[in-house]
Amino acid sequence: MSAPEDEERLLPLTQRWPRASKFLLSGCAATVAELATFPLDLTKTRLQIQGEAALARLGGGAGEAAPYRGMVRTALGIIQEEGFLKLWQGVTPAIYRHIVYSGGRMVTYEHLREVVFGKGEDKHYPLWKSVIGGMMAGVVGQFLANPTDLVKVQMQMEGKRKLEGKPLRFRGVHHAFAKIFTEGGIRGLWAGWVPNIQRAALVNMGDLTTYDTVKHYLVLNTPLEDNIMTHGLSSNLVGITQGHPVRPSTAFPKEESSLHHLP
């Protein structure tokens with residue numbers, strides 16, 4: 001074996017397979033974050049769908065019939081009525097979604113930054129390249145993750161059916177994938193992908209552009225180096241400054257829709 005090949009074998013995995021490592025690390029980070037924050041997402045969803053369910057049943061008296069009041073009371077109600085672990089009901093498709101979405105967008109952004117666009121002569125990544133790269137990364141990541149996003153939302157909609165006294169449609173996440181595929185084929189799994197990628201493009205234009213800009217500023221103007229601490233600090237600053245709007249296309253699709261109709 002030649003010397004270059006020996007040296008390559010001694011390199012860390014993150015340097016030998018940088019894209020695969022980036023995908024795995026992004027997916028692991030997204031999984032941890034989703035597990036930690038999913039109860040908040042679930043209580044938010046319950047608060048939203050209980051209003052729709054009560055309105056469908058009672059019309060103008062829906063406000064008085066809503067069983068939950070506020071996020072804390074909603075979470076406590078779920079624990080008392082269904083059990084503590086029900087706060088993570090439906091987390092599996094959410095984890096699938098974030099692994100594919102986060103891994104896909106980060107790998108795409110890194111590839112665009114390092115290979116397609118490249119840095120300037122001063123080793124700086126121009127803002128306009130960050131904007132375009134962020135939008136394209138969001139489009140790719142969301143397109144790949146659309147089936148998991150669709151299943152996540154359809155599983156969340158089961159809570160609305162339960163509140164309305166209707167039978168549940170899915171036995172689990174894999175049954176949901178199979179049923180959607182059976183009813184709508186491959187195209188059914190990508191229902192709503194156009195508005196989804198439009199939203200993802202705008203969100204990632206803000207997120208990834210801000211992240212890269214903040215990280216570059218910290219490296220140039222502070223004693224911090226380009227390492228995991230700087231990456232984490234940049235990510236936290238992005239999280240504080242950037243807000244994520246509600247997904248308009250998949251928040252609560254009507255069950256009568258031809259794209260989502262599942263008996």
Side-chain angles (χ1 to χ4, degrees), residues 19-20 22-24 26-28 30-31 33-35 38 41-42 44-46 48-49 52-53 56 88-109 111-112 134-205 244-263:
R19 297 290 181 260
K22 179 70 70 174
F23 184 92
L24 291 175
S26 299
C28 290
T31 298
E34 185 64 26
L35 287 171
F38 190 80
D41 191 28
L42 178 68
K44 176 205 72 174
T45 302
R46 287 291 183 92
Q48 291 174 324
I49 65 176
E52 292 187 6
W88 282 269
Q89 184 177 27
V91 72
T92 303
I95 289 175
Y96 289 169
R97 188 258 177 188
H98 278 284
I99 289 175
V100 177
Y101 173 70
S102 297
R105 69 170 183 157
M106 290 306 299
V107 169
T108 301
Y109 186 73
H111 181 76
L112 291 172
M135 294 181 69
M136 294 178 66
V139 167
V140 173
Q142 182 56 50
F143 182 80
L144 294 174
N146 200 79
T148 57
D149 206 10
L150 176 65
V151 169
K152 172 192 171 185
V153 174
Q154 290 287 356
M155 294 290 288
Q156 288 178 326
M157 285 294 293
E158 294 295 88
K160 179 181 177 181
R161 294 180 65 87
K162 183 177 180 180
L163 288 172
E164 293 177 344
K166 297 179 180 178
L168 301 182
R169 299 168 297 171
F170 308 123
R171 296 190 298 271
V173 58
H174 299 108
H175 179 237
F177 272 111
K179 192 166 186 178
I180 293 174
F181 177 77
T182 301
E183 295 291 332
I186 291 293
R187 293 183 61 183
L189 291 172
W190 268 268
W193 69 273
V194 174
N196 270 351
I197 66 171
Q198 291 172 345
R199 173 193 177 274
L202 295 176
V203 168
N204 283 275
M205 178 184 69
H244 283 215
V246 176
R247 282 188 287 274
S249 62
T250 60
F252 301 104
K254 293 183 179 179
E255 294 178 70
E256 292 79 8
S257 168
S258 59
L259 294 177
H260 298 287
H261 179 66
L262 295 172

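Worth saying up front: this structure is predicted, and the values here are computed from it rather than measured.
Between Ile180 atom CD1 and Phe170 atom CZ the span is 5.0 Å, to the nearest 0.5 Å. To the nearest 0.5 angstrom, Asn146 atom CG is 7.5 Å from Thr148 atom OG1. Separating the CG atom in Leu144 from the CZ atom in Arg105 is a distance of 13.0 Å, to the nearest 0.5 Å.
Not counting sequence neighbours, the partners of Leu112 by the side chain to side chain contact (heavy atoms under 4.5 Å, CB included) test are Thr108, Val116, Phe117, Met136. For Ala200, the side chain to side chain contact (heavy atoms under 4.5 Å, CB included) partners at least two apart in sequence or on another chain are Tyr101, Gln142, Asn204. The ring-ring contact (aromatic ring centres under 6.0 Å, His included) search around Phe143 returns Trp190, Trp193, not counting sequence neighbours. In this view, Thr92 and Tyr96, Val173 satisfy the side chain to side chain contact (heavy atoms under 4.5 Å, CB included) rule, not counting sequence neighbours. Partners of Ala94 under the side chain to side chain contact (heavy atoms under 4.5 Å, CB included) rule, at least two apart in sequence or in another chain, are Glu34, Phe38, Lys152.
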Exercise. Given the rule in the side-chain contact (heavy atoms from CB on, under 4.5 Å) test, do Arg169 and Gln154 qualify, once you have shown the distances and angles that lead to the verdict?
Worked result: CA-CA 9 Å; Arg169 299 168 297 171; Gln154 290 287 356; 3.1 Å; yes

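Using a 4.5 Å cut-off on side-chain heavy atoms (C-beta onward), Leu189 and Phe177 make contact.
Nearest heavy atom pair, residue Val139 against residue Ala201, reads CG2-CB, 3.9 Å.
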